[in-house]
Number of protein chains: 2
Amino acid sequence: MVKIVAISLSDIAERAGVSVKTVSGALHGGSARMSDDTRLKIKSIAEELGYVTNLAARGVRQGWLPLVGVVSDGLITSPFATEIVRGLDGAARNAGMAVFAVNHSSGQEIGAVLDEVRQFRPRAVAYAAMYHKEVAVPQKLVGAVGVMINCREAEGRITSLVPDEQGGAREIVRYLLAAGRRRIAFINLPGIMAGVLREKGFHAALTEAGVAPLGVYPAVRRSVYSDRAPSLVASHVEALLHSGDRPDAILCGNDRVAMEVYAALARAGLCIPDDIAVASFDNQVELASRLDPPLTTMALPHRAMGRLAMEILLAGELQEPHLRTLPFHLVERASV
Amino acid sequence: MVKIVAISLSDIAERAGVSVKTVSGALHGGSARMSDDTRLKIKSIAEELGYVTNLAARGVRQGWLPLVGVVSDGLITSPFATEIVRGLDGAARNAGMAVFAVNHSSGQEIGAVLDEVRQFRPRAVAYAAMYHKEVAVPQKLVGAVGVMINCREAEGRITSLVPDEQGGAREIVRYLLAAGRRRIAFINLPGIMAGVLREKGFHAALTEAGVAPLGVYPAVRRSVYSDRAPSLVASHVEALLHSGDRPDAILCGNDRVAMEVYAALARAGLCIPDDIAVASFDNQVELASRLDPPLTTMALPHRAMGRLAMEILLAGELQEPHLRTLPFHLVERASV
DNA sequence: CTGAAAGCGCTTACAG
DNA sequence: CTGAAAGCGCTTACAG
């Protein structure tokens, strides 16, 4: 590593023959009055010397760094988690803030990771989960977290932003019904909050249409959905196809489940969507758009949650903690 | 947002009836000598008051914050990019550093995003690319970047860590040959560095075995691979199957291409691996392990690049800039 | 062994 | 309109 000797305001002041305050005003204080001459001279010296603002120094003065801390439950690994960050980042940038993401590794106390972030004196801190869940935040840390993203604080003491799982499920089922489908099966993600809520929406939409559900099946053998758990998808599809009441639509818990359904239907020689429609949740673009036919799926409001979270964090005004559900949106492709 | 009044060392010093220096020594200076009594008393007061170290203040004193900046070419979106961060993060943590990732948005000058990071006075800065490419770093910024990850600085003035594309391709082809395959086609990612280098490795391995290649085909219509470009995979597979010289193995540029090959082979009623073996690059786990049969694929050395990058950054000793290629590793599943 | 002081690089009242 | 000084919260020589 090449050692970089940092230039400071006083270096510039010396070269320009003015005080440090004047340099500070010229470079950062938009409103500071001085002759255009001085300002331009200072700016050009700064440029020439390669001056880079020292935010640590500014931060110690202001009490905070222009950072918004995001502690995320597991590394920002999934494509949709990235959307959360994208939403946060866009809004942060507009406010001159940077996003500082820190991983909450499993086994680590939430207090420990929060302190890690707080050492850097961020302007605000959010907690983001990789999938919709409940998170317990100890009482003494409640004040340290401004907003929960994709999860809900267990006691409702922190404003929480989550996808409207019930509404999303209702919408996709209505869409299937509108397409003329009546025998709809649901291969759901078991044991997680999203699954439970979507199942409610699934039944609600069918009930309001006076249609009987064909059944809800768990995608994996474990009681909590995970990519590693042995898949039951193929066997469910086969059982459904050989039952007396063959479905004309299969709703899937996510796009990867849909991928497995595609494979099982292909093996059975069935055509999507003519024989059976397939729809799902997630809109994992590279996957959904590459399937044949391209998959119709409900996109989660990740980016919207990120954007709204940042707005709440930076708004400054205290808000009553509340739970806010954000709508999915339908991405129509060709599988229905 | 609840306003958090920050506790400082002097608050603790006052309560404990000692000087600030003593408090600093008790909390941070492992070696500072003082009576155990005092130390414990100070620690318990700090705990009680909820003291959190102010790294901005320490930073202004030391000249840097305990951060390693990572500017990444496009948001850390892909699962493998996450592996880079995981590698960086693990190594950083051991050294008491945090990773500060900043997005280099397209259209933005590299100098601008580097300055954004440098304002925070990181201990070191890395540049990471989402796919293997060449990156031009202006002369004046060469000293500001300690290491390039998954990309190479155009003029070789910065140590660069990249996957050994040729070696990886050679290895997977040798594996196919060892499995008795002789008519091997390659559906490659066109127009990108990885594709070019892998093609060399592909031919080298076949040549050394005295086997003629069946042909190299581009996965998409555009001259540079992208997920959005119209796919040619299905038509290539069909053409290959109807040619006189049907392949007994298809090597794919990535797991998503392999997914399309699977679909095309299923439509043709062919069985993997009995009729045709399929192998690819990436090891995108959720995809590769969910395909039927699970996909054999070459995993990229993302985590290793991240780990090594951090070691180089924190080593401190100047190194001659050099290009370092890291090996892929074979993930054997059931498609060969 | 502990304290008082200086200093890191900024910004912000306070004087001139 | 500009300068000199104080102060943010630390750490590090320097005295006692």
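All chains are named by letter (A, B, ...) in the order of the sequence lines, taking the proteins before the strands, and each is independently numbered beginning at 1.
Closest-nucleotide positions on DNA chain C for B/Arg121 and B/Thr38 were compared, and the one nearer the 5' end corresponds to B/Thr38.
The nearest whole Å value for the distance from the CD atom in B/Gln119 to the P atom in C/dC10 is 11 Å. Put simply, CG on B/Leu65 is 13 Å from P on D/dT11, counting in whole angstrom units. The CD1 atom of B/Ile12 sits 15 Å away from the P atom of C/dG3 (whole-angstrom rounding). At whole-Å resolution of the value, CD1 in B/Ile42 and P in D/dC10 are 13 Å apart. Rounded to whole Å, the distance from CG on A/Asp11 to P on C/dC8 is 11 Å. Remark: P of C/dG9 and CZ of B/Arg118 are 16 Å apart, rounded to the nearest angstrom. When rounded to the nearest whole Å, the span between CD of B/Glu14 and C1' of C/dG3 equals 16 Å. Nucleotide C/dG9 holds its P atom 14 Å from the NE2 atom of A/His28, rounded to whole Å.
B/Pro321 approaches B/Thr159 most closely through the heavy-atom pair CA-OG1, 3.3 Å.
Scored by the side chain to side chain donor-acceptor pair (under 3.5 Å) test, B/Thr325 finds no partners at all (sequence neighbours excluded). Judged as a salt bridge (Lys or Arg N to Asp or Glu O under 4.0 Å), and not counting sequence neighbours, A/Glu311 has no contacts. Checked against side-chain contact (heavy atoms from CB on, under 4.5 Å), B/Glu116 has the following partners two or more places apart in sequence or in another chain: A/Arg93, B/Val102, B/Gln108. Scanning for side-chain contact (heavy atoms from CB on, under 4.5 Å) contacts around B/Asn94 gives an empty result, with sequence neighbours left out. B/Ser160 meets the side chain to side chain donor-acceptor pair (under 3.5 Å) test with no other residue; sequence neighbours excluded. By the side chain to side chain donor-acceptor pair (under 3.5 Å) test, B/Arg152 pairs with B/His132, sequence neighbours left out. Looking at residues two or more places apart in sequence or on another chain, you find a side chain to side chain donor-acceptor pair (under 3.5 Å) between A/Arg58 and A/His28. Every residue was checked against the salt bridge (Lys or Arg N to Asp or Glu O under 4.0 Å) condition with B/Glu109, not counting sequence neighbours, and none meets it.
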Reading DNA chain D 5' to 3', how would its secondary structure be written in dot-bracket notation, given Watson-Crick and G-U pairs with both distances under 3.5 Å, brackets [ ] for crossing pairs and | for partners on other strands? |||.||||||||.|||

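Within the structure, every side-chain polar atom (N or O) of B/Ser8 is placed at least 4.0 Å from both OP1 and OP2 of D/dC8. Contact annotation: B/Ser35 does not reach the phosphate of C/dC1 (side-chain N/O to OP1 or OP2, under 4.0 Å).
Nucleic acid contact for A/Val18: sugar-phosphate only, since backbone atoms but no base atoms lie under 4.0 Å from a heavy atom of the residue.
A heavy-atom distance below 4.0 Å to DNA chain D is reached by these residues of residues 46-55 of chain B, ordered by number: B/Tyr51, B/Asn54.
The distance from atom CZ of A/Phe120 to atom CG of B/Leu67, rounded to the nearest 0.5 Å, is 4.0 Å.
Every pair passing salt bridge (Lys or Arg N to Asp or Glu O under 4.0 Å) that includes a residue from residues 124-145 of chain A is listed here, sequence neighbours excluded: A/Asp73-A/Lys133.
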Hey, what are the protein-to-nucleotides 12-16 of chain C N/O distances that come in under 3.5 Å?
unit_1: C/dT12; atom_1: O4'; unit_2: A/Arg61; atom_2: NH1; d: 2.9

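Looking at B/Gln139 and B/Arg157, their side chains do bring a donor and an acceptor atom within 3.5 Å of each other.
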